[in-house]
Participant: 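Have a look at the structure that comes next, please.
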Amino acid sequence: MTLRIYNDLHHKKENFEPLEPGKVRMYVCGMTVYDYCHLGHARVVVVFDVVYRYLKARGYEVTYVRNITDIDDKIIQRANEQGIPFHQLTKKFIDAMHEDFDALGVLRPTMEPRATEHLEEIIRMIQALIDKGHAYQAENGDVYYDVRSFPEYGKLSGKSIDDLEAGARVEPGEGKRDPLDFALWKAAKPGEPAWDSPWGKGRPGWHIECSAMSTSALGDTFDIHGGGADLTFPHHENEIAQSEGATGHPFVRYWMHNGFVRVKEEKMSKSLGNFFTIRDILARFRPEEVRYFILTSHYRSPLNYDEEHLVNARKALDRLYTALRGLPQAEPGEADKYVEAFNAAMDDDFNTPEALAVLFELVREINRVRPENEEKAARMAAELKRLGDILGILQEEPEAWLKGAPSGSEGLTDEQIEALIQQRLEARKAKNWSEADRIRDELKAQGIVLEDSPQGTTWRRE
RNA sequence: GGCCUGGUGGCAGAGUGGUUAUGCAGCGGCCUGCAAAGCCGUGUACCUCGGUUCGACUCCGGGCCAGGCCUCCA
């Protein structure tokens, strides 16, 4: 079977063939760290975390690079507002970002390069662009990319230079030869953080850092470049112009962009102010619920944020964990049909909704088999858990999950619940059904669901 | 204005030229002291108008609607 990936460069699914057999080099645009991450950021990192996990599960050796933009206009502005050095601000939000992503079960990338630690590569690439006639220094000291010098400009976003030209704005005092030209190096203004360069003190533009860090880590040409769909233009278009202009080699083989998170049919974004930070959401929902919710829609489709959907995610996960509950440890097996279907779904451009559907089909089979053949059910359950791991779910102890309370909730302790269950057991022995039902109703009112079986009574929080 | 996505059942959300998505919710049954969980069964669907086809939700064209990019944005 062949893995197929929707390549945004050609607007179609293509067979995935890495540059070097058995190895995958992948770069994803990470965060600009001037604030807490919101659900839109969570989607990018979860989506590409699943890509990373699946490629590894498929046997590839994956080098996964996700950068951190730790110097830019917004960072400087925010640091000035707070009266602190910019690196103090970025440290705070890098730490917060790691906390959030770790909570969501996102594996750390192979490398997390920061712009401020790669000035040398950035400067070298800008110099190469100047040497090859793709860039120039303007009178104000800034260095700009000469878009007209790169005939293929627009090939990723499907825009023509002339169309862009019509709508382009010219900011006064920028010194660009052409309104479409973009800054590679920004000359320092008084009081701004600055680094030495052949063009005087200044700092790198946003686009060049990704080109420099990706190619220095992964080579002139690498396999996958990902990011949010809003980066297609101009960020990724500019990356292509910079990297191919500087190296003379093709830059990226497969471009992948994930769709937006929406709130009431509108893009969730900082500028619209309709965003929910990851930590806001994790105060009310468990990380795995958020992760599951993200994976219920295909990565290129829009994802509508709504608390009801998180509640639904919880119920769906309950069903998966219920199938795992109470089965002995076993080696994965007896589920080849489902494993094949799962892989087929993932091979089809990482179709996680389809892959999840396969998991539920496997669950039904486990529940059917369990009464007759617990050993077999256990092997199938182990397979379910292994597949879940590829999506980054189902790794908790089923009992712990099912008894787990939603974040931030209060209520009865486990001990109080167990005590009430004991009381009810006594009542049931005495066939005092009304008392038994009273206790069960009382617990139900507290969000505790009891389940009687021949093996005894189990409970869970709903 | 230019360019790009998408419009599926009560909700969410895949997919396919003629056959059950899946989850939640609903309904009937089994199980249960009664429930819950689970299992079995079941209903509601493919924006609109044309076209291609033996046959289209699925392909093509128009329309309507929604979202996005064209400026920082994951």
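So you know, we letter chains A, B, ... as the sequences are listed, proteins then strands, and number each from 1.
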Participant: Does OP1 or OP2 of B/C24 have a side-chain N or O of A/Arg314 closer than 4.0 Å?
Facilitator: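 For A/Arg314, the contact criterion (side-chain N or O under 4.0 Å from OP1 or OP2 of B/C24) is not met.
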Participant: Should the pair A/Glu99-A/Arg279 be classified as a salt bridge under the 4.0 Å nitrogen-to-oxygen rule?
Facilitator: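 Yes, this pair counts.
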Participant: Is the phosphate of B/G15 approached by A/Asn351 (side-chain N or O, under 4.0 Å from OP1 or OP2)?
Facilitator: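 So the side-chain polar atoms of A/Asn351 do come within 4.0 Å of the phosphate oxygens OP1 or OP2 of B/G15, strictly under.
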Participant: Under 4.0 Å between a side-chain N or O of A/Arg364 and OP1 or OP2 of B/G23?
Facilitator: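 True: A/Arg364 side-chain N/O within range (under 4.0 Å) of B/G23 OP1/OP2.
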Participant: Between B/A36 and B/G28, how many Å separate the two P atoms, rounded to a whole number?
Facilitator: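 Those two atoms are separated by 12 Å.
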Participant: Looking across every strand, which nucleic acid part, if any, lies under 4.0 Å from A/Lys444 by heavy atom: base, sugar-phosphate, or nothing?
Facilitator: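 Here A/Lys444 touches no strand at all.
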Participant: Please work out if A/Arg424 contacts a base, only the sugar-phosphate, or nothing of the nucleic acid, heavy-atom cut-off 4.0 Å.
Facilitator: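 It contacts base atoms.
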Participant: So what does A/Gly227 hit on the nucleic acid, given a heavy-atom distance under 4.0 Å: a base, only sugar-phosphate, or nothing?
Facilitator: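 Sugar-phosphate contact only - A/Gly227 comes under 4.0 Å of backbone atoms but never of a base.
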Participant: Does B/G23 have OP1 or OP2 under 4.0 Å away from a side-chain N or O of A/Arg319?
Facilitator: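 Indeed, a polar side-chain atom of A/Arg319 lies that close.
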Participant: Considering only side-chain heavy atoms of A/Lys159, which listed nucleotide, B/G15, B/C69, B/A74, is closest?
Facilitator: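 Nearest to the side-chain atoms of A/Lys159, counting from C-beta on, is B/C69.
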Participant: Does a side-chain N or O from A/Thr296 land closer than 4.0 Å to OP1 or OP2 of B/G23, or not?
Facilitator: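 No.
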Participant: Starting the side chain at C-beta, find the nucleotide from B/G23, B/A14, B/A35 nearest to A/Ser301.
Facilitator: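 Out of B/G23, B/A14, B/A35, the nucleotide with an atom closest to A/Ser301's side chain is B/A14.
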Participant: Please determine, for the side chain of A/Leu164, which listed nucleotide (B/C70, B/A74, B/G23) has the closest atom?
Facilitator: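 In terms of side-chain proximity for A/Leu164, the closest of B/C70, B/A74, B/G23 is B/C70.
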Participant: May I ask you to check whether A/Asp230 and A/Thr232 show a side-chain donor-acceptor distance below 3.5 Å?
Facilitator: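 Judged by distance alone, the side chains do not pair up.
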Participant: As a test of reading the structure: which of B/A14, B/G33, B/G68 is closest to the side chain of A/Glu266, going by heavy atoms?
Facilitator: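 Ranking B/A14, B/G33, B/G68 by closest atom to the A/Glu266 side chain puts B/G68 first.
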Participant: Base, sugar-phosphate, or nothing for A/Asp437, non-hydrogen atoms under 4.0 angstrom?
Facilitator: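 Base, at least one base heavy atom under 4.0 Å.
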Participant: Using a cut-off of strictly less than 4.0 Å, decide whether A/Lys267 has a side-chain nitrogen or oxygen near OP1 or OP2 of B/C69.
Facilitator: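 Affirmative; the distance criterion is met.
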Participant: Considering every strand and a 4.0 Å limit on heavy-atom distances, what is the contact class for A/Thr322: base, sugar-phosphate, or nothing?
Facilitator: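 Answer is sugar-phosphate: A/Thr322 comes under 4.0 Å of backbone atoms only.
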Participant: Base, sugar-phosphate alone, or nothing: which one does A/Arg370 contact when heavy atoms must sit under 4.0 Å apart?
Facilitator: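 Answer is nothing: A/Arg370 stays at 4.0 Å or more from every strand.
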Participant: Any strand is fair game: report the nucleotide pairing with B/U22 by Watson-Crick or G-U wobble, both distances under 3.5 Å, or none.
Facilitator: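 Paired with B/A12.
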Participant: If only atom types and distance count, is the side chain of A/Asn67 paired as donor or acceptor with the main-chain N or O of A/Cys210 below 3.5 Å?
Facilitator: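 Pair absent, no side-chain N/O of A/Asn67 close to backbone of A/Cys210.
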Participant: Using a strict cut-off of less than 4.0 Å between a Lys/Arg side-chain nitrogen and an Asp/Glu carboxylate oxygen, indicate whether A/Arg148 and A/Asp181 qualify as a salt bridge.
Facilitator: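 A salt bridge is absent here (no side-chain N lies under 4.0 Å from a carboxylate O).
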Participant: Across the strands shown, which category fits A/Arg300 at heavy-atom distances under 4.0 angstrom: base, sugar-phosphate, nothing?
Facilitator: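 A/Arg300: no heavy atom of the nucleic acid under 4.0 Å.
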Participant: Ignoring hydrogens and angles, state whether a donor on the side chain of A/Tyr321 or A/Glu288 is under 3.5 Å from an acceptor on the partner side chain.
Facilitator: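 Looking only at side-chain atoms, A/Glu288 and A/Tyr321 do form a donor-acceptor pair, the distance falling under 3.5 Å.
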Participant: What contact category does A/Gly30 fall into here, base, sugar-phosphate, or nothing, at under 4.0 angstrom with non-hydrogen atoms?
Facilitator: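 Touches sugar-phosphate only.
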Participant: For A/Asp72, report the nucleic acid contact type (base, sugar-phosphate, nothing); a contact means any heavy atom under 4.0 Å.
Facilitator: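 No contact.
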Participant: Is the phosphate of B/C39 approached by A/Asn367 (side-chain N or O, under 4.0 Å from OP1 or OP2)?
Facilitator: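 For B/C39, OP1 or OP2 has a side-chain N or O of A/Asn367 closer than 4.0 Å.
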Participant: Are the aromatic rings of A/Tyr36 and A/Phe93 close, with centres under 6.0 Å apart?
Facilitator: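 Between A/Tyr36 and A/Phe93, the centre distance is under 6.0 Å.
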